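Down below is the structure, laid out as C-alpha cells.
For clarity, every value in this text was computed on a predicted model and none was experimentally measured.
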Amino acid sequence: MTNQKDNLLVVDGMALLFRAFFATAVSKQFMVNQHGVPTNGVQGFMKHLFAAIDQNNPTHTLICWDMGSQTFRNELYSGYKAERKAPPEELIPQFDLVKEVAASFGFINVGVPGFEADDCIGTVTVKMAGTGIDTTVLSGDKDLLQLIAPTNDVWILQKGYGNYKQYNEAVFVEEWGITPTQFIDVKALMGDTSDGYPGVRGIGEKTALKLIQQYETIDGILSHVDELKPGQQTKLKEDLEMLRLSRQLAEIHTSVPLEFDIAQCVYRGLLPEAIDIVEQFGLKSLRRDIML
C-alpha cells in the first residue's frame, strides 16, 4: 500500500531553465565549459531543482518539458505566442544539455509533441489524484494555479533560490476570492499578452476577477449581460468569439497521451556517478552547490 505521505514533485522544466539562464545572462555570465558550451542555465536549473527538493522533500520527482514551439493551440489560433522572441543563442544548446544532465542525475524527463509542458503537468497531477501520491507543481507560471486541488499544491518561484509562494486551495481562495477552476475564466476574460491571446479587449485582471466573483463563470456573466455597465456589455458582445477561443487557449489540458512509470520517479538522492557528470560537462558551479 502506498504511503499517504508520498509526494511527487512535478517540475516545469522550461520555467526553471529560463529563469536560471536569464538570472546570469544579464551580466553575460554564461559559464562556458571546456567544450565551448554555455552552461549557466543548466547549472542554475539544477540548483533550483535541488533547492525545491530540499524544501519539499518529495518521495518522487518528474520533469515536464515543452517539445517544440508548435502545439494544438497554434492550430486553434495562429497568433498564439506568435510574438515571442527566439531564444538567445547561448541558451539553445542548453535545451538538450539540461535534459541530459537531469537524466544523468536520475531524474525522469517527459514531454509530448503537440502539447505544452503545462498540459503534461496537468495530466500528471490528475493521474496521480486518487493514487495516494499527492503532487506539488513547481513553476514560475501562474497559469498553473488552475491545477490546484485537494491533492495538488502549486509552488510559484520567487526571486532567488528556494523561495516560493506556496499555494493550496485555502491559500488560493483567500488571495483571489475564486476557486482554481474559475481562474481559467478570469484568464479568458483578461487575455494573456505573453501568450498572445487578447481575451476581451478593455477588460483587465481587476474587472475580470470582479465579474467572475459575482457571476461565477463566463456563461453566468453572459446570461446576466444586461446587468453590466453599457461599456462592458459592448466589449463582451464585440469580442464574444475571441472570448470563447481564449477560454480554450487558457485551459490546461489534463488528458495528454503521456506515459510514465511512477516507480521510476522515486527520488534516490544524489547518485554516485553524479561527480562524473559534473566533470564531463564542466559544471563547476553546480559542483560547489551540491558539495560533491
Side-chain angles (χ1 to χ4, degrees), residues 4-20 44-67 71 98-99 102 107-112 115-176 178-184 186-187 192 194-195 250-256 258-260 262 264-267:
Q4 287 188 343
K5 292 185 178 179
D6 282 357
N7 181 60
L8 170 65
L9 181 65
V10 190
V11 179
D12 182 349
M14 286 300 186
L16 268 65
L17 179 63
F18 272 76
R19 181 172 291 254
F45 170 91
M46 296 301 294
K47 186 174 181 178
H48 273 301
L49 181 56
F50 286 123
I53 287 171
D54 186 55
Q55 284 200 40
N56 186 258
N57 195 29
T59 53
H60 301 70
T61 57
L62 183 68
I63 307 172
C64 294
W65 297 96
D66 294 331
M67 302 295 286
T71 70
V98 69
K99 295 173 192 172
F107 295 103
I108 302 299
N109 298 301
V110 297
V112 178
F115 295 92
E116 295 182 38
D118 289 7
D119 303 310
C120 294
I121 291 168
T123 299
V124 171
T125 63
V126 168
K127 278 189 174 186
M128 288 295 101
T131 65
I133 300 178
D134 288 344
T135 51
T136 302
V137 172
L138 177 65
S139 180
D141 185 357
K142 286 186 177 180
D143 289 352
L144 291 160
L145 293 175
Q146 65 182 265
L147 298 175
I148 294 170
T151 56
N152 181 54
D153 293 349
V154 175
W155 288 15
I156 299 295
L157 294 158
Q158 305 296 297
K159 189 174 182 179
Y161 291 93
N163 185 22
Y164 318 99
K165 175 68 174 180
Q166 299 182 20
Y167 286 95
N168 57 24
E169 279 190 306
V171 171
F172 181 85
V173 171
E174 182 178 353
E175 181 173 318
W176 290 84
I178 56 173
T179 66
T181 302
Q182 288 176 308
F183 188 59
I184 305 170
V186 171
K187 290 285 296 183
D192 188 320
S194 65
D195 284 344
E251 183 174 15
I252 292 173
H253 284 238
T254 58
S255 55
V256 175
L258 175 68
E259 297 297 329
F260 65 97
I262 191 63
Q264 292 184 349
C265 299
V266 172
Y267 179 60

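For the pair E116 and D119, the minimum side-chain heavy-atom distance is below 4.5 Å. Between C64 and V110, some side-chain heavy-atom pair lies under the 4.5 Å cut-off. Under the 4.5 Å side-chain criterion, counting only non-hydrogen atoms from C-beta, F172 is in contact with I178.
For the residue pair V112 and L258, the shortest heavy atom distance occurs at CG2-CD1, 3.8 Å. Residues Y164 and H48 approach most closely at OH-O, 4.0 Å, considering heavy atoms. Between T179 and Q182, the closest heavy-atom pair is N-OE1, 2.8 Å. Listed here is the closest heavy atom pair of A102 and M46: CA-SD, 4.3 Å.
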Decide yes or no on side chain to side chain contact (heavy atoms under 4.5 Å, CB included) for V171 and Q166, but give the supporting numbers first.
CA-CA 8 Å; V171 171; Q166 299 182 20; over 6 Å; no

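The closest donor-acceptor contact from the side chain of S139 to the backbone of D12 lies at 3.5 Å or more, if one exists at all. Using a distance-only test at 3.5 Å, with no hydrogens or angles considered, no donor-acceptor pair links the side chain of E251 to the main chain of I184. The backbone N or O of I252 lies less than 3.5 Å from a partner atom in the side chain of Q146, making a donor-acceptor pair. At least one donor-acceptor pair under 3.5 Å links the side chain of T59 to the backbone N or O of N7.
Just one of I63, L138, V98 meets the side chain to side chain contact (heavy atoms under 4.5 Å, CB included) condition when paired with L16; it is L138. The salt bridge (charged side-chain N to carboxylate O under 4.0 Å, His left out) test with K187 singles out one residue from D143, D195, D118, and that residue is D143. Screening F45, F115, F107 against W65 for a ring-ring contact (aromatic ring centres under 6.0 Å, His included) leaves a single residue, F45.
Distance CG/D134 to NZ/K5: 12.0 Å, rounded to 0.5 Å. To the nearest 0.5 angstrom, Y161 atom OH is 10.0 Å from R19 atom CZ. In this structure, the separation between NZ on K142 and CD1 on I156 is 7.5 Å, given to the nearest 0.5 Å. Taking CD1 from I262 and CG from L8, the interatomic distance works out to 4.5 Å, rounded to the nearest 0.5 Å. With rounding to the nearest 0.5 Å, the separation of OG in S194 from CG in D141 is 7.5 Å. Note: K165 NZ to L157 CG = 14.0 Å, rounded to the nearest 0.5 Å.
For the residue pair N152 / T135, a side-chain donor-acceptor distance below 3.5 Å is found, with atom types taken as modelled.
Using the six-membered ring where Trp is involved, W176 and F183 have ring planes that are perpendicular, over 60° apart on the 30 and 60° scheme.
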